[in-house]
K.L.:
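The following block contains the structure, expressed as C-alpha cells.
All residue numbers in this chain count up from 1 along the given sequence.
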Amino acid sequence: MSSVSMILVAWAIEAAFGWPDWLYRLIRHPVVWLGWCVRWLETRLNNYDWAHRVRYMLGALASLLVISLAAMAAFAITRVLPQGITGLLVEALIASSLIASHSLYTHVLAVAKPLAKRDLSDAQKAVSLVVGRDPSRLDEAGVARAALESLAENTSDGVTAPLFWGALFGLPGLAVYKAINTLDSMIGHRNDRYAAFGGFAARLDDVANIVPARLTGLVFTLGSASLKAFMVMRQDARHHRSPNAGWPEAAMAGALGVRLSGPRSYDDTTSNEPWLNEGAPDPTPVHLKRGLTIYIRSLALAACLLLILSLLLETL
C-alpha cells in the first residue's frame, strides 16, 4: 500500500484517540524523546563565549545529528515491519504519534470553554499552554486572538506538514519533519541564547513548511467557503513576521472577519507585529468557537482529498 494510505490510517487513529494520558505517563512521547536529545546537545555545544559563526555551525551539526537519528530510527522500523496489512497498521500506529490534530483541538477547546463563560482567569491559564506570550497581559479579545493564531499556525505545523511529508516519504519523512519542527520550537528563537545556535534549525523549519503552510491556508479557505479568507491571505500573509505562519493565520482572519497578529508581549518585551485583516474587529469567544468549526470542516475536507488520492494511487 502507498504511503498516502498509511498516513491516512495514521491520521484516523490519531483523530480518534490522540496520545492517551496513561501512555504519556508511561513512556512520555516521541517529541519528548527528541527534545531530550536536543537539550543534551544544546547544553554541551552552545557556549556563549564562542563566536557567532562557530555557534551557528555547531547548532547546524547538532540539528543534523537529531534529524539523522530520527530518520534512521524511522527507516529501521519500516525495514523490520512485515509486509501487508499488519505492517501498515503498525507503521500507522507509530506515525499517529507524530500528528497533532486531536491534541490541538483539545487545547484550543480548553480555552474556548472558559472564555465563553467569561472566565478570563481560566482562559488565560489554558491559553498559556499553547502560546509563548504572557497570558496575564491578555484581555478577553487577546486570549481569543492568541488561541485562534495558535489554532491556525499549529494546523500547519502539527497537522498539514506531518501529513504532507508522511504522504510523500512515509514514516521516515514524517519523522524527519517532526525532528526539524521540534528543533525549531526549542532552539529556533531570535534571542541571545539561540539566535546563533538555532539559526540553522529555524531556516530549515521555514523551508520544510513552505508548501504545508500555503496548503493550510487554501484548505481553510475551502473549509470556510469564504472568498474573503482567500483575499486576506493573498493580501496580508507576506506581512507576517514568519514566512509561513501568515498564510493560515491570514486565511483564518479573513474567514472569521476578525483581525489577528498585531502587537504582542513576550516576557519584558513588546513585538510590534503588523495586523492581519487590519480594520476588522477583535475576535470574541463566539469567533473562537467558529474557528474550531472551520478547523473541523477543513480537516474533514483534507481527509476526503487524501482518501481520493489514496484510491487513485491504489488503482495505478
K.L.:
If we count only N and O atoms by modelled type, under 3.5 Å, do the side chains of Asn209 and Tyr177 hold a donor and an acceptor together?
P.N.:
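Short answer, yes.
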K.L.:
Looking only at atom types and distance, does a side-chain atom of Ser3 sit under 3.5 Å from a main-chain N or O of Ala167, one as donor and one as acceptor?
P.N.:
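Indeed, once roles are kept as given, a pair shorter than 3.5 Å links the two residues.
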K.L.:
Taking atom types as modelled, is there a side-chain donor on Glu14 or Ser101 under 3.5 Å from an acceptor on the other?
P.N.:
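Distance-only check passes for Glu14 and Ser101.
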K.L.:
Nearest 0.5 Å, what's the CG-CD1 distance between Leu41 and Ile187?
P.N.:
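It is 9.0 Å, given to the nearest 0.5 Å.
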K.L.:
For atom CE of Met186, is the number of surrounding heavy atoms from other residues, nucleotides or ligands below 6.0 Å larger than 12?
P.N.:
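Correct, the count exceeds 12.
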K.L.:
Please check if the number of heavy atoms outside Arg39 that lie under 6.0 Å from its CZ is greater than 12.
P.N.:
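Above 12, so yes.
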K.L.:
Scan side-chain atoms only and decide if Ser2 and Ser5 contain a donor-acceptor pair under the 3.5 Å cut-off.
P.N.:
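Yes, side-chain donor-acceptor contact under 3.5 Å.
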K.L.:
Out of Thr78, Val9, Thr86, which residue meets the side chain to side chain contact (heavy atoms under 4.5 Å, CB included) rule with Glu91?
P.N.:
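Per the side chain to side chain contact (heavy atoms under 4.5 Å, CB included) rule, the option paired with Glu91 is Thr78, out of Thr78, Val9, Thr86.
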K.L.:
With a cut-off of 6.0 Å (strictly less than), are more than 12 heavy atoms of other residues, nucleotides or ligands near CZ of Arg53?
P.N.:
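Counting other residues, nucleotides and ligands, CZ of Arg53 stays at 12 neighbours or fewer.
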K.L.:
With no hydrogens and no angle check, is any side-chain donor or acceptor of His29 less than 3.5 Å from a backbone partner on Ser97?
P.N.:
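Such a contact is found between His29 side chain and Ser97 backbone.
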K.L.:
Which pair of non-hydrogen atoms, one from Pro283 and one from Leu148, has the smallest distance, and what is that distance?
P.N.:
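Heavy-atom minimum between the residues: CB-CD1, 3.7 Å.
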K.L.:
For the side chain of Trp247 and the backbone of Arg238, is there at least one donor-acceptor N/O pair under 3.5 Å apart?
P.N.:
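The answer is no, because no donor-acceptor pair under 3.5 Å joins these two groups.
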K.L.:
How about Glu249 and His240: does a side-chain donor come under 3.5 Å of a side-chain acceptor?
P.N.:
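There is such a pair (donor and acceptor under 3.5 Å, judged by atom type) between the side chains of Glu249 and His240.
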K.L.:
When you compare the side chains of Asp205 and Asn181, does any donor N or O come within less than 3.5 Å of an acceptor on the partner?
P.N.:
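There is such a pair between these side chains.
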K.L.:
With distance as the sole test, does Asn46 use its side chain to make a donor-acceptor pair with the main-chain N or O of Phe197 at under 3.5 Å?
P.N.:
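Judged by distance alone, no pair lies under 3.5 Å.
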K.L.:
Let me confirm one number: the CD1-CZ distance from Ile180 to Phe200, rounded to the nearest 0.5 Å.
P.N.:
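Rounded to the nearest 0.5 Å, the CD1-CZ separation comes out at 8.5 Å.
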K.L.:
For Arg214, I'd like to know if atom CZ has over 12 heavy atoms of other residues, nucleotides or ligands within 6.0 Å.
P.N.:
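Yes, the 6.0 Å shell around CZ holds more than 12 heavy atoms from other groups.
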K.L.:
Between Ser150 (side chain only) and Ala147 (backbone N and O only), is there a donor and an acceptor less than 3.5 Å apart?
P.N.:
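Not confirmed, Ser150 side chain does not pair with Ala147 backbone.
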K.L.:
For Lys178 and Pro162, which heavy atoms make the closest approach, and how far apart are they?
P.N.:
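Here Lys178 and Pro162 meet closest at NZ-CG, 4.5 Å.
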K.L.:
Return yes when atom CG of Asn191 has more than 12 non-hydrogen atoms of other residues, nucleotides or ligands closer than 6.0 Å, and no otherwise.
P.N.:
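Enclosed.
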K.L.:
From Leu115 CG over to His287 NE2, what is the distance, rounded to the nearest 0.5 angstrom?
P.N.:
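Leu115 CG to His287 NE2: 12.0 Å, rounded to 0.5 Å.
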K.L.:
Do we get Arg55 above Trp50's six-membered ring, with its NZ or CZ under 6.0 Å from the centre and within 45° of the axis?
P.N.:
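Here Arg55 fails the 6.0 Å and 45° test against Trp50.
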K.L.:
Answer with yes or no whether the hydrophobic clustering places Val66 together with Trp165; edges join I, L, V, M, F, W, Y residues whose side-chain heavy atoms lie under 4.5 Å apart.
P.N.:
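They do not share one cluster, since no chain of ILVMFWY contacts under 4.5 Å joins Val66 to Trp165.
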K.L.:
Look at the side chain of Ser156 and the backbone N and O of Ala152, then say whether any donor-acceptor pair between them is shorter than 3.5 Å.
P.N.:
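Pair absent, no side-chain N/O of Ser156 close to backbone of Ala152.
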